[in-house]
Amino acid sequence: MAASLSTALDVHFTIPKSDTKRPIFFTSPIRHNPTKKRLAISCTSSTSETSSSTKPPQNISESPSSKNPSLSDQLKPLSATTLSTKDHQAQLLSRPKSTWVNPTRPKRSVLSLQRQKKSLYSYNPQIRELKLFAKKLSGSGEDEFESVLETIPYPPTRENALLILNSLRPWQKTLLFFNWIKTQNVFPMETIFYNVTMKSLRYGLQFDIIEELANEMVSDEIQLDNITYSTIITCAKKCSRFDKAVEWFERMYKTGLMPDEVTYSAILDVYAKLGKVEEVLSLYERGVASGWKPDPITFSVLAKMFGEAGDYDGIRYVLQEMKSLDVQPNLVVYNTLLEAMGKAGKPGLARSLFEEMVDSGLTPNEKTLTALAKIYGKARWAKDAMDLWERMKSNNWPMDFILYNTLLNMCADLGLVEEAEMLFKDMKISEKCRPDSWTFTAMLNIYGSGGNADKSMELFEEMSKLGIGLNIMGCTCLVQCLGKARRIDDLVRVFNVAIDGGVKLDDRFCGCLLSVASLCDESEDFTKVLACLKQANPKLVAFVKLIEGEETSFETLKEEFRAVVRDAAVETRRPFCNCLIDICRKRDLHGRAHELLYLGTLYGLYPDLHHKTVKEWSLDVRSLSVGAALTALEEWMGTLTKFVQRDEELPELFSAHTGSGTHKFSQGLANSFDSHVKKLAAPFRQSEERAGHFVATREDLVTWVQSRIPSSVIA
DNA sequence: GTAGGGTTAG
């Protein structure tokens with residue numbers, strides 16, 4: 001992966017294929033930077049240095065083949081004057097790691113340390129009337145535009161036109177006005193007119209038009225400056241046209257223009273969003289080596305990138321860099337770092353970082369608190385969550401609707417029903433944070449997980465009244481809850497409302513319906529649920545019918561099961577199989593249940609079900625439904641019976657791992673398992689040392705197995 | 001939204 005570092009950068013900076021020159025620019029800073037250690041951590045296969053050593057020695061005197069010099073070409077004078085080709089090759093050969101830095105010359109810059117200056121506006125006494133006119137123009141219809149244009153209160157001089165252009169929106173209006181100024185021929189078009197127009201186009205995500213304008217600038221010989229390039233690059237990024245962002249960055253270098261720190265951090269973010277971590281680090285380090293002191297925005301870009309990758313070492317690197325460069329994180333940087341800590345699974349460090357932030361005198365905003373609430377919820381840190389909540393209230397920290405909804409999700413994670421109800425009430429009486437579909441989904445999750453079907457249905461009715469649509473997640477929670485409460489008629493009603501509301505039913509939802517079907521005792525209910533499921537997934541229902549058919553052969557079952565599994569989303573395959581086994585057991589089709597468990601194992605849905613060491617054999621049923629777990633236990637006992645019959649060697653200990661289910665709402669697989677082994681009088685007992693494990697000794701198990709084998713068989 | 005760069009939800 002990391003072998004791509006030097007090659008990828010070469011490509012990005014458009015080094016002609018025929019040109020094998022390895023620019024010195026690409027080799028220097030890493031070796032001399034403290035981040036080398038960090039690179040070594042993040043590169044598992046090789047570092048940039050080893051990757052460069054895999055390249056053939058490169059001829060630095062070779063002339064570039066392209067007309068417009070690339071960045072590396074621009075830097076050619078440096079390399080050409082400091083080392084002859086021969087010397088350089090000798091260097092490369094004598095040192096497998098080909099990094100070389102000229103000790104006598106300063107490093108060549110990759111960015112301009114001076115930010116581009118903006119021109120100052122002179123005061124325009126007609127500002128009020130011109131802004132009013134711009135507002136009128138913005139609000140005019142397409143067909144009125146020209147007639148409104150004629151009412152322009154002052155002649156479109158350069159300053160007047162710029163003022164209007166700056167106040168126009170949306171982008172269609174800006175573009176119309178921009179084109180109109182061009183036709184007036186009152187003054188020559190300058191870069192700033194293009195920049196202002198492009199900015200408006202960027203709000204409208206109109207990358208293609210921006211690119212047209214940029215090309216027009218090139219052909220009309222109007223200079224593109226750093227503001228033009230950064231606008232083009234960020235627009236391409238917002239439109240997910242990353243290739244275009246990189247392309248324009250390269251073009252800038254080729255024309256001989258150095259990026260300033262704004263353009264530079266914009267392109268860093270492009271590489272970051274592409275997940276090109278090594279490239280980002282390399283660019284960052286070269287910038288620093290050029291004398292650049294990155295600002296908080298840059299660190300925010302880096303932190304976000306490492307957060308997305310869940311890379312804790314990277315997050316530490318960002319913190320360390322800010323410290324060593326003496327850059328104080330601002331609120332955005334803290335927010336990004338907190339989010340990143342959450343994604344890297346470090347709730348404790350997020351907590352200390354938050355305290356550090358507060359101690360530094362910063363006041364958390366909605367985003368800070370949203371990040372923390374999410375982290376504490378996912379980590380199931382109820383105490384910290386409640387402390388945070390208290391502080392939010394006593395300090396009057398800001399709230400918005402996303403924070404409210406995140407807090408509700410946190411309540412769902414922690415099983416805090418009353419607290420959720422309080423928040424929900426707060427939202428209803430608030431001005432700005434009225435409950436939306438996310439809010440109701442969170443509440444449906446909370447009541448649904450707690451098995452409160454009455455409250456869930458109240459929410460459902462309330463949503464209908466408020467005209468808030470049910471989404472697929474809320475629908476799934478509701479159907480699951482109603483299914484568990486055996487309120488099948490309500491379930492069908494909800495299902496129909498969802499269908500009418502255009503909810504797109506996914507495999508998870510189908511799995512949920514299938515599990516409800518597996519719970520149904522009454523065949524009438526079973527039929528109703530399958531009728532719903534048929535609308536979402538007719539093949540699945542056909543397969544259920546096939547299972548029930550006595551005449552269905554194993555071969556047919558196998559083929560059709562394969563098709564069902566193949567068509568299902570990966571994460572729903574095992575749940576589907578679990579539910580199908582449950583359905584079999586519920587309908588006394590035990591033979592089918594065993595066939596399905598076999599097929600599920602055959603198609604890899606139950607990897608790691610069995611584990612064997614010399615001393616212990618174990619069965620891990622944690623990812624199985626109750627029916628599937630019991631089927632697996634029976635299957636296992638059958639196998640052991642054969643072992644006993646054949647007098648084969650057995651380990652001292654047998655164990656079954658059910659898990660103990662720490663979540664407040666989790667339904668105990670352990671309990672069902674316990675009652676089943678009691679029913680079978682099997683010698684498995686819940687282990688006191690190992691939570692969530694049932695254990696049996698060889699002696700007890702063999703005795704039990706023998707007691708079940710008819711004497712004729714033993715004889 | 002003062003010609004340009006970074007952060008919030010299954």
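Chain identifiers are assigned alphabetically (A, B, ...) following the order of the sequence lines, protein sequences preceding nucleic acid strands; residue numbering begins at 1 within each chain.
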Considering every strand and a 4.0 Å limit on heavy-atom distances, what is the contact class for [X]: base, sugar-phosphate, or nothing?
| X | answer |
| --- | --- |
| Thr197(A) | nothing |
| Val196(A) | sugar-phosphate |
| Thr191(A) | nothing |
| Tyr404(A) | nothing |
| Arg169(A) | base |
| Ser167(A) | nothing |
| Lys131(A) | nothing |
| Thr228(A) | nothing |
| Asn409(A) | nothing |
| Thr368(A) | nothing |
| Asn405(A) | base |
| Asn365(A) | nothing |

Query raised in the report: Side chains of Asn452(A) and Ser456(A): do they bring a donor and an acceptor to under 3.5 Å?
Result: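 Result is no, nothing qualifies.
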
Query raised in the report: Under 3.5 Å, is there a donor-acceptor pair linking the side chains of Asn195(A) and Thr228(A)?
Result: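 Side chains of Asn195(A) and Thr228(A): pair found under 3.5 Å.
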
Just how far, in rounded Å, is [atom2] of [N] from [atom1] of [X]?
| X | N | atom1 | atom2 | answer |
| --- | --- | --- | --- | --- |
| Met410(A) | dG10(B) | CE | C1' | 16 Å |
| Tyr264(A) | dG6(B) | OH | C1' | 17 Å |
| Met258(A) | dG4(B) | CE | C1' | 19 Å |
| Lys118(A) | dA3(B) | NZ | P | 6 Å |
| Glu159(A) | dA3(B) | CD | P | 13 Å |
| Ile472(A) | dG10(B) | CD1 | P | 17 Å |
| Lys238(A) | dT7(B) | NZ | P | 9 Å |
| Ile192(A) | dG4(B) | CD1 | C1' | 12 Å |

Should [X] be listed as having a side-chain N or O under 4.0 Å from OP1 or OP2 of [N]?
| X | N | result |
| --- | --- | --- |
| Lys367(A) | dA9(B) | no |
| Lys273(A) | dT7(B) | yes |
| Asn471(A) | dG10(B) | no |
| Lys117(A) | dA3(B) | no |

Query raised in the report: Under the criterion side chain to side chain contact (heavy atoms under 4.5 Å, CB included), which of Leu213(A), Thr174(A), Val196(A) is the partner of Leu201(A)?
Result: Leu213(A)

Query raised in the report: Can you name the one residue among Asn226(A), Leu113(A), Leu268(A), Leu111(A) that meets side chain to side chain contact (heavy atoms under 4.5 Å, CB included) with Glu261(A)?
Result: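 That would be Leu111(A).
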
Query - ring pair (Phe, Tyr, Trp, His ring centres under 6.0 Å) between Phe145(A) and Phe177(A), worked out - result: CA-CA 9 Å; Phe145(A) 193 80; Phe177(A) 187 72; 7.3 Å; no

**Report entry** Whether Tyr229(A) stacks on the six-membered ring of dG4(B) base, 5.5 Å and 30° limits
**Finding:**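 Here Tyr229(A) fails the 5.5 Å or the 30° condition.
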
When you measure only distances, ignoring hydrogens and angles, does the side chain of [X] come within 3.5 Å of the base of [N] through a donor and an acceptor?
| X | N | answer |
| --- | --- | --- |
| Ser265(A) | dG6(B) | no |
| Asp260(A) | dG4(B) | yes |
| Asp295(A) | dG5(B) | yes |
| Thr231(A) | dG4(B) | no |
| Asn330(A) | dG6(B) | yes |
| Arg508(A) | dG10(B) | no |

Taking the side chain of [X] as heavy atoms from C-beta outward, which of [options] is closest to it?
| X | options | answer |
| --- | --- | --- |
| Arg115(A) | dG6(B), dG10(B), dG4(B) | dG4(B) |
| Asp269(A) | dG10(B), dA9(B), dG6(B) | dG6(B) |
| Phe401(A) | dA3(B), dA9(B), dG6(B) | dA9(B) |
| Asp225(A) | dA9(B), dG5(B), dA3(B) | dA3(B) |

Query raised in the report: Want to settle it: does Lys199(A) or Tyr203(A) sit nearer the 5' end of DNA chain B, counting the closest nucleotide to each?
Result: Tyr203(A)

Report task. Indicate the ring-plane relationship of Trp292(A) and Tyr284(A), choosing parallel, tilted or perpendicular according to the 30° and 60° boundaries. Result ->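 Ring orientation, 0 to 90° scale: perpendicular.
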
How far, in whole Å, is [M] from [N] if one measures between their [atom1] atoms?
| N | M | atom1 | answer |
| --- | --- | --- | --- |
| dG4(B) | dA9(B) | P | 26 Å |
| dG6(B) | dT2(B) | P | 14 Å |
| dA3(B) | dT7(B) | C1' | 24 Å |

Report task. Could you list the residues that satisfy side-chain contact (heavy atoms from CB on, under 4.5 Å) with Thr406(A), not counting sequence neighbours? Result -> Thr370(A), Ala373(A), Lys374(A), Ile402(A)

Give the table of side-chain donor-acceptor pairs shorter than 3.5 Å for residues 419-426 of chain A, with sequence neighbours excluded, one pair per line with atom names and distance.
residue   : atom : partner   : partner atom : Å
Glu421(A) : OE2  : Tyr447(A) : OH           : 2.5

